[in-house]
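Reviewing the structure listed below.
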Amino acid sequence: MLDIKKMRQDPDYFKKRLAQRGTDPVDLNKIFQLDDKRRELIKDTEELKAKRNEVSKQIGAAKRNKESADDAIAEMQAVGDEISNIDKELGKINHEFQVRMAHLPNMPHEGIPVGPDEDSNEEFKKVGTIPTFSFEPKAHWDIAEDLGILDFERGAKVSGARFVYYVGLGAQLERAVYNFMLDEHMAEGYTEILPPYLVNDKTMYGTGQFPKFKEDVYQINNEDQELTLIPTAEVPLTNFFADEVIPSEDLPVYVTALTPSFRSEAGSAGRDTRGLIRMHQFNKVEMVKFAKPADSYMELEKMTANAESILQKLGLAYHVIKLSTGDMGFSAAETNDVEVWMPEQNIYREISSCSNTQDFQARRAHIQYRDENGKLQYVHTLNGSGLAVGRTVAAILENCQNEDGTVTIPEVLVPYFHGITKITKENAVPFKK
RNA sequence: GGAGAGUUGGCAGAGUGGUAAUGCAACGGACUCGAAAUCCGUCGAACCGGUUCAUACCGGCGCGCAGGUUCAAAUCCUGUACUCUCCUCCA
């Protein structure tokens, strides 16, 4: 949620910057109109309420003295009607104002690339050596199905498209990868959390998924209760401190969690239909930070480095790009995407997205701290994947494949993989005799 | 799932229709070499609107939340969330 007071001070700047993310300036004009009307009505009703409070006090005094107050009461009846009329209209205006405000995306941070879509993103870092193969590298789904460690057919049988079974060393590899990631983040000062996977609407609103992006999620209706399957651990992690004041000596707070993420992928029909890249359910290790405003951009760089460090230790090539105004998510002010090299397609694929939302989510979820003067301020919240686990497994399978169809396990994962160094047809699925 | 109790300021805690006692804490001052104790004073979150460069001041709102009744609601009515206790069930 943006700050209407700041918007009022420089409407043209807000119009210009939000237009760069695709918001029609007409929407802003409507909001400013509503804000004017709103404040006018507030002034009117508050004046009447002040009068009513005044006279009611006199009525009270008169009654105590056993004097008649009938005239004043009659007068206040009329005032009361007027108040309730104005309040009714104010309620409508306010509601529309709030709804429109809630649909406005965050302001882009100064200095990030300006452009309508992903073509304007800027690569600013390239790390690792892109592997070369003496044979034609296979896609991870072919490698995995040949080994029997991923079963997309049975996933479809039991749940539908974009669901999968990990089997044997496939399941163990997934577990090795996320345990490795969690340990790495803990060493960097993150506190591990195991959050709820079902959250209420208020929580979804707090991080900015609602009201605008309801079609992207799975919802559960159980009698009178409506809950949403989390599309990312960012939602329960960021809302951990919702409606709270974080003691300033605790800042910055770093938390991390492994959770499944559930996404309906409405609108992605036909994209990435094979493999682990785009599933309705996938595991992700998420990092979330609560920071003082002055530190938040330094924290964003550190968080991006935490995500990168996982790939470095796994020996995977990647690059980092700064998302343009047109490609950023709704709540973000600035976003770094980390993309890992996928040999079969010969492209980098997103494996982490690290964002600073500044006070955008904190305003929605009411997450504050006290500054040096004891005044309440909104914290800045950051979130980033560290990393998408399924996509990491896919990247390992493709980058570490051998000509004979086996997969060599990155050294750092071996201790997390019961000492196994290679997935072969023989050890992949223990029940296969 | 059933029954009961509760939710008031940073904390404790009164308040059954007349506009939020009191105590602690906090802040300022006096006393003191300084501190403690004591005394005096200030302060009732956050939020919203207005005047102001700002400090500040005025007003609204404010007793879990949302409605309702009333000239007036912490107080009465309806709904609802959460916490606690007991019973029941359960991995």
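In what follows, every chain begins at residue 1, and chains take the letters A, B, ... in the order their sequences are listed.
Although no hydrogens or angles enter the test, the distance criterion places no donor-acceptor pair under 3.5 Å between the side chain of A:Asp359 and the main chain of A:Ala362. Under a 3.5 Å cut-off, the side chain of A:Ser268 and the backbone N or O of A:Arg271 do not form any donor-acceptor pair. With hydrogens and angles ignored, the 3.5 Å screen pairs no side-chain donor or acceptor of A:Thr228 with any backbone N or O of A:Ile230.
In terms of the side chain to side chain donor-acceptor pair (under 3.5 Å) criterion, A:Asn53 has no residue partners (sequence neighbours excluded).
Summarising the geometry, the separation between CD1 on A:Ile367 and P on B:A46 is reported as 19 Å, rounded to the nearest angstrom. The distance from atom CG of A:Leu376 to atom P of B:G10 is 10 Å, rounded to the nearest whole Å. Here the P atom of nucleotide B:C47 and the CD atom of A:Gln368 are 7 Å apart, to the nearest Å. Atom P of nucleotide B:C48 and atom CG of A:Leu48 are separated by 22 Å, given to the nearest angstrom. In this entry the distance linking CG of A:Asp35 with P of B:C48 reads 12 Å, nearest Å. Rounded to whole Å, atom P of B:G49 lies 14 Å from atom CG of A:Asp44. The interatomic distance linking A:Leu90 (CG) with B:C48 (P) rounds to 14 Å, in whole Å. Going from atom OH of A:Tyr369 over to atom P of B:A46 covers 16 Å, rounded to whole Å.
Using atom C1' as the reference point in both B:A5 and B:C89, the two lie 23 Å apart (nearest Å). Comparing the same atom, P, in B:U16 and in B:U85 gives a spacing of 28 Å after rounding to whole Å. On the C1' atoms, B:C61 is 8 Å away from B:C47, given to the nearest whole Å. Taking atom P on both nucleotides, B:C86 is separated from B:C27 by 41 Å, rounded to a whole Å. On the C1' atoms, B:G79 is 31 Å away from B:A21, given to the nearest whole Å. Taking the C1' atom of each, B:U75 and B:U70 are spaced 13 Å apart, rounded to whole Å. Distance check on atom C1': B:A73 versus B:U19 gives 9 Å, rounded to whole Å. Distance check on atom P: B:C57 versus B:G18 gives 30 Å, rounded to whole Å.
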Note to self: Pair A:His109, A:Tyr297 - check ring pair (Phe, Tyr, Trp, His ring centres under 6.0 Å), show working.
What the structure shows: CA-CA 10 Å; A:His109 189 226; A:Tyr297 279 95; 3.7 Å; yes

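Residue pairs satisfying the side chain to side chain donor-acceptor pair (under 3.5 Å) criterion with at least one member in residues 382-394 of chain A, sequence neighbours excluded, are listed as follows: A:Glu234-A:Asn383.
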Note to self: I need a per-nucleotide contact map over nucleotides 64-75 of chain B, read 5' to 3'. Cutoff is protein heavy atoms under 4.0 Å; write B for the base, S for backbone only, - otherwise.
What the structure shows: -------BS---

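The existence of a salt bridge linking A:Glu265 and A:Arg162 is excluded, since no basic side-chain nitrogen approaches an acidic carboxylate oxygen closer than 4.0 Å. For A:Asp371 and A:Lys292, the salt-bridge test fails: no basic side-chain N is under 4.0 Å from an acidic carboxylate O. Under a 4.0 Å N-O distance rule, the pair A:Lys30/A:Asp27 does not qualify as a salt bridge. Salt bridge annotation for A:Glu334-A:Lys322: present, with a cationic side-chain nitrogen under 4.0 angstrom from a carboxylate oxygen.
Within 4.0 Å of A:Arg363, counting heavy atoms only, lies no atom of the nucleic acid at all. A:Lys5 comes within contact range of the sugar-phosphate backbone alone, with a heavy-atom separation under 4.0 Å but no base atom that close.
Distances shorter than 4.0 Å separate none of the side-chain N or O atoms of A:Arg370 from OP1 or OP2 on B:A46.
Counting heavy-atom neighbours within 6.0 Å of A:Lys15 NZ, excluding the residue itself, gives a total above 12. More than 12 heavy atoms of other residues, nucleotides or ligands shown are found within 6.0 angstrom of CZ on A:Phe330.
Side-chain polar atoms of A:Asp151 and A:Tyr166 form no donor-acceptor pair below 3.5 angstrom. A donor-acceptor pair shorter than 3.5 Å can be found between the side chains of A:Asn306 and A:Tyr190.
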Item checked: Base-pair map of RNA chain B as dot-bracket, where | denotes pairing with a different strand and pairs are Watson-Crick or G-U under 3.5 Å -> ((((((((.[[[..)..(...]]].(((((.......)))))....(((((....)))))...[[[[[..)....]]]]])))))))....

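Taking every heavy atom of residues 93-107 of chain A and every atom of RNA chain B, no pair lies under 4.0 Å.
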Filtered N/O pairs between nucleotides 56-59 of chain B and protein, under 3.5 Å:
{"residue": "B:G59", "atom": "N2", "partner": "A:Glu46", "partner atom": "OE1", "Å": "2.8"}
{"residue": "B:G59", "atom": "N2", "partner": "A:Glu46", "partner atom": "OE2", "Å": "3.3"}

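Cation-pi geometry between A:Lys214 and A:Phe210 is satisfied (NZ or CZ under 6.0 Å from the ring centre, within 45° of the ring normal).
Summary of the strand contacts: A:Lys51 and A:Arg8 both lie near RNA chain B, and taking for each the nucleotide with the nearest heavy atom, the more 5' one is attributed to A:Arg8.
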